Amino acid sequence: MPYDPREIEARWQRAWADARVAEVDVSAPGQKYYMLNMFPYPSGDLHVGHGRNYILGDALYRSLRMQGRAALNPMGWDAFGLPAENAAIKRGIHPRDWTRSNIAREKKQFERWGILYDWSKELASCDPEYYRWNQWLFLQLYKRGLAYRGKAPVNWCPQDQTVLANEQVVDGRCERCGTIVIQRELEQWFLKITAYADRLDAGLDSLEHWPEQVKLMQRNWIGRSVGADVEFPVPSLGKSIRIFTTRPDTIYGATFMVLAPEHPDVMTLIADNANRTEIEQWIAGVRNQSNLERQESGKEGRFTGQTATNPFTNEPIPIWLGNFVLMQYGTGAIMAVPGHDQRDFEFAKQYDLPIRIVVAGGPADMTEAFVDKENGVATNSGLIDGLKSPQAIGKISEEIERRGIGRKMVRYRLRDWLISRQRYWGTPIPMLYCDKCGIVPVQEDHLPVELPLDVPFTGREGNPLAKHAAFVNATCPQCGGKARRETDTMDTFVDSSWYYARFISSHDDKKIFDPAMVNRWLPVDQYIGGIEHAILHLLYARFICRTLHDMGLTEFEEPFERLFNQGMITKEGYRDPSNNRAWVPLNEVERRDGKPYRGNTELIPETGKMSKSRFNVVPPDELIDRYGADTERVYTLFIAPPEKEAAWSDEGVIGAFRFLNRVWKMGESGVAGRGSDALTRKTHQTIAAVTQRIERFEFNTAISALMELSNAMGESPDRTSYEVLLKLLHPFAPHITEELWKTLGNEPFILTSAWPVADEELMKEDVITIAIQVNGKLRGQVEVANPPVESDVLAAVKTNTNVQRWLEGKQIVKTVYVPGKLVNVVVR
RNA sequence: GCCCCCGUGGCGGAAUCGGUAGACGCUGCGGACUUAAAAUCCGCUGACCGGAGACGGUCGUGCCGGUUCGAGUCCGGCCGGGGGCACCA
């Protein structure tokens, strides 16, 4: 019988489902290993590019499980989100229905890929049974002062009519729609992630099994900087203005001060200024700019007309306003040291302000500021004169504290997490506004605050929820009077910041999760997902994990012990510049003059991420119909190391298909007899190699090793070796291996059979090849018995004629012998 | 501008600790089978030189230099590509 994957695959998928092989009783004693693919958003268009992380997760799951190590592999849905709402507006489908049908479609796709999840734990964030715990969590954070309503300048996307977190602003544009983001002052709900900045930064050190790259990105994002706050007296105000600096050692060089245009003291400072009106107009202009525009417009400032006193030189220094000083960072005010800060330097040059050198060691020409924080020596600096910068920073900081004019300070770039969204399809924030009592939290026993389903989707400005009278009108739990319900919903990153714990008790209607079970299963042993979540999702998840810990619910502070980021699958092809939506695959390109054409248009070569908007996706169903899911899985994992980007090649798929066909034919032609010593050796070597490579996520070379073994087997292997091949192949090609396993007369499932163990003795080669080098160049090889004896090897070197040619007439200086590898004869 | 990662055949990639560069696969070429094609199987496939051949030699892991008996791998400096952060005081 020829290999027909379609029939085989459908049958085994049913068998696994019927036997509920992936289900796990989390309360049963035994080994635990918890692995998780990142919570996917059901957009309904899974393609081979998306399949990669699920396939590699499944391969890891199956292999660990056969090794008796894996147990839990759940899957759920991050089901709230803007696309569902947009679909509702555009096509008149309710977001819930759109989401449900996508979930059904994607589940089907996972099944066709042969991916095993424990669906008994399935959850969807849009179910009240899930999001009520978002609300509960929010109330706990509120109680602890970690959720607050605040007026703050926020990123506002005019297109989506909603606020965005900093993380969702890319190059000054909305991450979703690309519209330029503007700044707006709005009352919003925030979570106080900044209270955890130090712990989130320090905790990165404990994450040994996270990619360095991700830790680095988080570290930069948190942006810890050490310095000092210093008060600069302002006589005309009758008080001081506080600044933050990382270079207190340069304070003698502070020749002016710059405030953010939004600084609260600005209006008082300019009250008597003759140019007041012009300055106010300028401030208004700056405030209306997006951060991007503000940066692009260059450095600009205005003099307030007032001075502050440098507390160390006691000189009056002018107070300026500057568009390059941000209210959101530090105190919104800086001491400007133009000699030793590049921005201050540029500003001083532009407005002709004095520059004073207080750190010696820079170039003499003064074309830029000397900013070296390690090697400079303080000069013109009173009591720190002659000290190297690090020592100077220490001494001056102590002096600042001694005088009571400031203190050592650690500040962070990280800002609080803005979770309010003026959107319908999300978790309602469980808060009420009472005319008498003000802001009142919903009582815990009134949760969930259910999202009403009967809302109008007009697509016009504003949140549809706010137009739903029955939802908005409520009773104040404190005074019993009338109250208005909060209509903002939560950022969907709230949903994904704790779902990993909910899987342990996904249908518990009494509590968020069972702490005892969660402590037993978590942290997640292995988390798999895309690098695009390096900052947003992973930082929020680490933050919420710590708050759960501080509430006494969990014993751990980090949610994910190991993190693996798979690379994207890209596709090569050509873009048609006359029609940006057209994308031409490689094999449809005509060539004229060596250049690709289509019609009359010259095509531009492009390799890009597979995505629907690029029209370069490979639909998995077509491929599965043609070659089967096993071929697609093997090829997807074979194509490149999983952490790297990989270019999909339609021609390459055939290699995986041929390989599986060979394995199939071996089973057909009958396996029998005793294996040769050589094949047994190769088999045990392959067991060792594949086992280790799976552990290290080297799936591509694991598959190469299996191809080598199958090549070594020829057409009719012995049963023992063949069964080993099937077992080792099972994580990558689960259906065909189950089928062949059964054909051999074994009980299902190969999945529940034991992973083979490599026998060190059987792995050993009888004869090994030693390379012979002369002056580091390969000049011959010699075969010796294993384990090799040095004297035998050296004797064999003397009998090799080619090597002797190179040694003739030369003087041997020395001989390097690397046991079992090579001999290098150094001659002169 | 700062920080990080990566440059290996026609292509995807392999080389675990500094030890025989190019495993495995694709493509291409040649052959077998076939009326023919597809499929399948076998051989060759880094460049160059010598040889009928077995084989031998020179060069070769982006470029220049260094360390070493020996460098794709380590160090210094460039060039190219990708990613992150960015008036962050």
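These numbers were taken from a predicted model, which means no experiment stands behind them. Just so it is clear, the values below take in all heavy atoms, side chains as well, and ignore hydrogens, waters and symmetry mates. Proteins come first, then strands; the chains are lettered A, B, ... in the order of their sequence lines, and each starts at number 1.
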**Residues A:R805 and A:N802: side-chain donor-acceptor under 3.5 angstrom** = yes

**Prompt:** Roughly, in whole Å, what's the span from CH2 in A:W320 to C1' in B:C87?
**Reply:** 17 Å

**Message:** Taking only the C1' atom of each, what is the distance from B:G77 to B:A21 in whole angstrom?
**Reply:** 26 Å

**Item:** B:G19 and B:G7, which share atom name C1', separated by this distance in whole Å
**Value:** 23 Å

**Asked** When the C1' atoms of B:C17 and B:C55 are considered, how many whole Å apart are they?
**Response** 34 Å

**Message:** Between the side chains of A:R247 and A:D249, is the shortest nitrogen-to-carboxylate-oxygen separation below 4.0 Å, so that they form an ion pair?
**Reply:** yes

**Request:** Take atom P in B:U73 and the same atom in B:C6, then report the distance between them in whole Å.
**Result:** 12 Å

**Prompt:** Restricting to pairs with a member in residues 324-351 of chain A, which pass salt bridge (charged side-chain N to carboxylate O under 4.0 Å, His left out), not counting sequence neighbours?
**Reply:** A:K299-A:E346, A:D341-A:R343

**Prompt:** Over how many whole Å does the gap from A:M327 atom CE to B:A89 atom C1' extend?
**Reply:** 13 Å

**Request:** Name the nucleic acid region contacted by A:T331, choosing base, sugar-phosphate or nothing; use a 4.0 angstrom heavy-atom cut-off, strictly under.
**Result:** nothing

**Prompt:** Counting any heavy atom closer than 4.0 Å, what does A:E346 reach on the DNA or RNA strands: base, sugar-phosphate only, or nothing?
**Reply:** nothing

**Item:** salt bridge (charged side-chain N to carboxylate O under 4.0 Å, His left out) against A:R693, all qualifying residues, sequence neighbours excluded
**Value:** none

**Message:** For A:R219, I'd like to know if atom CZ has over 12 heavy atoms of other residues, nucleotides or ligands within 6.0 Å.
**Reply:** yes

**Request:** Please report, rounded to the nearest Å, how far the P atom of B:A89 is from the CG atom of A:N323.
**Result:** 17 Å

**Prompt:** Is a donor-acceptor contact shorter than 3.5 angstrom present between the side chain of A:K299 and the base of B:C87?
**Reply:** yes

**Message:** Please report the distance, rounded to the nearest Å, between CD1 in A:I770 and P in B:G70.
**Reply:** 20 Å

Sequence neighbours excluded and cut-off under 3.5 Å, please list the side-chain donor-acceptor pairs for residues 694-701 of chain A, or say none.
| residue | atom | partner | partner atom | Å |
| --- | --- | --- | --- | --- |
| A:E695 | OE1 | A:R69 | NH1 | 3.1 |
| A:T701 | OG1 | A:E698 | O | 3.1 |

**Message:** What's the gap between B:C75 and B:G25 when it is taken at their C1' atoms, as a whole Å value?
**Reply:** 36 Å

**Request:** Using the P atom as the reference point in each nucleotide, state the distance between B:C44 and B:G53 in Å, no decimals.
**Result:** 15 Å

**Asked** Between the side chains of A:Q218 and A:W210, is a donor N or O closer than 3.5 angstrom to an acceptor N or O?
**Response** no

**Message:** Regarding A:N802, tell me which of base, sugar-phosphate or nothing describes its non-hydrogen contacts under 4.0 Å with the strands shown.
**Reply:** sugar-phosphate

**Request:** Could you give the distance separating B:A14 and B:C24 at their P atoms, to the nearest angstrom?
**Result:** 14 Å

**Message:** So if I define the base as every atom that isn't primed, P, OP1 or OP2, how would nucleotides 22-31 of chain B read as a B/S/- string at a heavy-atom cutoff under 4.0 Å?
**Reply:** -BBSSS----

**Prompt:** Atom CD1 of A:I535 and atom P of B:G84: how far apart are they, to the nearest Å?
**Reply:** 8 Å

**Prompt:** Between A:R779 (CZ) and B:G19 (P), how many Å, whole number?
**Reply:** 20 Å

**Message:** Measuring only the P atom in each nucleotide, how far is B:G9 from B:U61? A whole number of Å is fine.
**Reply:** 9 Å

**Request:** Do nucleotides 3-8 of chain B as a string where each nucleotide becomes B, S or -: B if the base has a protein heavy atom under 4.0 Å, S if just the sugar-phosphate does, - if no protein is that close.
**Result:** SS----

**Request:** Could you tell me the separation between the CD atom of A:E698 and the C1' atom of B:G13, rounded to a whole number of Å?
**Result:** 13 Å

**Request:** Check every strand shown and say whether A:R696 touches a base, only sugar-phosphate, or nothing at a heavy-atom separation below 4.0 Å.
**Result:** base

**Message:** Under a 4.0 Å threshold between the charged nitrogen and the carboxylate oxygen, would A:R287 count as salt-bridged to A:E262?
**Reply:** no

**Prompt:** Can you check the A:L637 CG to B:A14 P distance for me, whole Å?
**Reply:** 14 Å

**Prompt:** List RNA chain B stems (3 or more consecutive Watson-Crick/G-U pairs, under 3.5 Å)?
**Reply:** B:1-7 with B:79-85, B:10-12 with B:24-26, B:28-32 with B:40-44, B:46-50 with B:55-59, B:62-66 with B:74-78

**Asked** In terms of side-chain heavy atoms, does A:T631 have a donor or acceptor partner in A:Y3 at a distance below 3.5 Å?
**Response** no

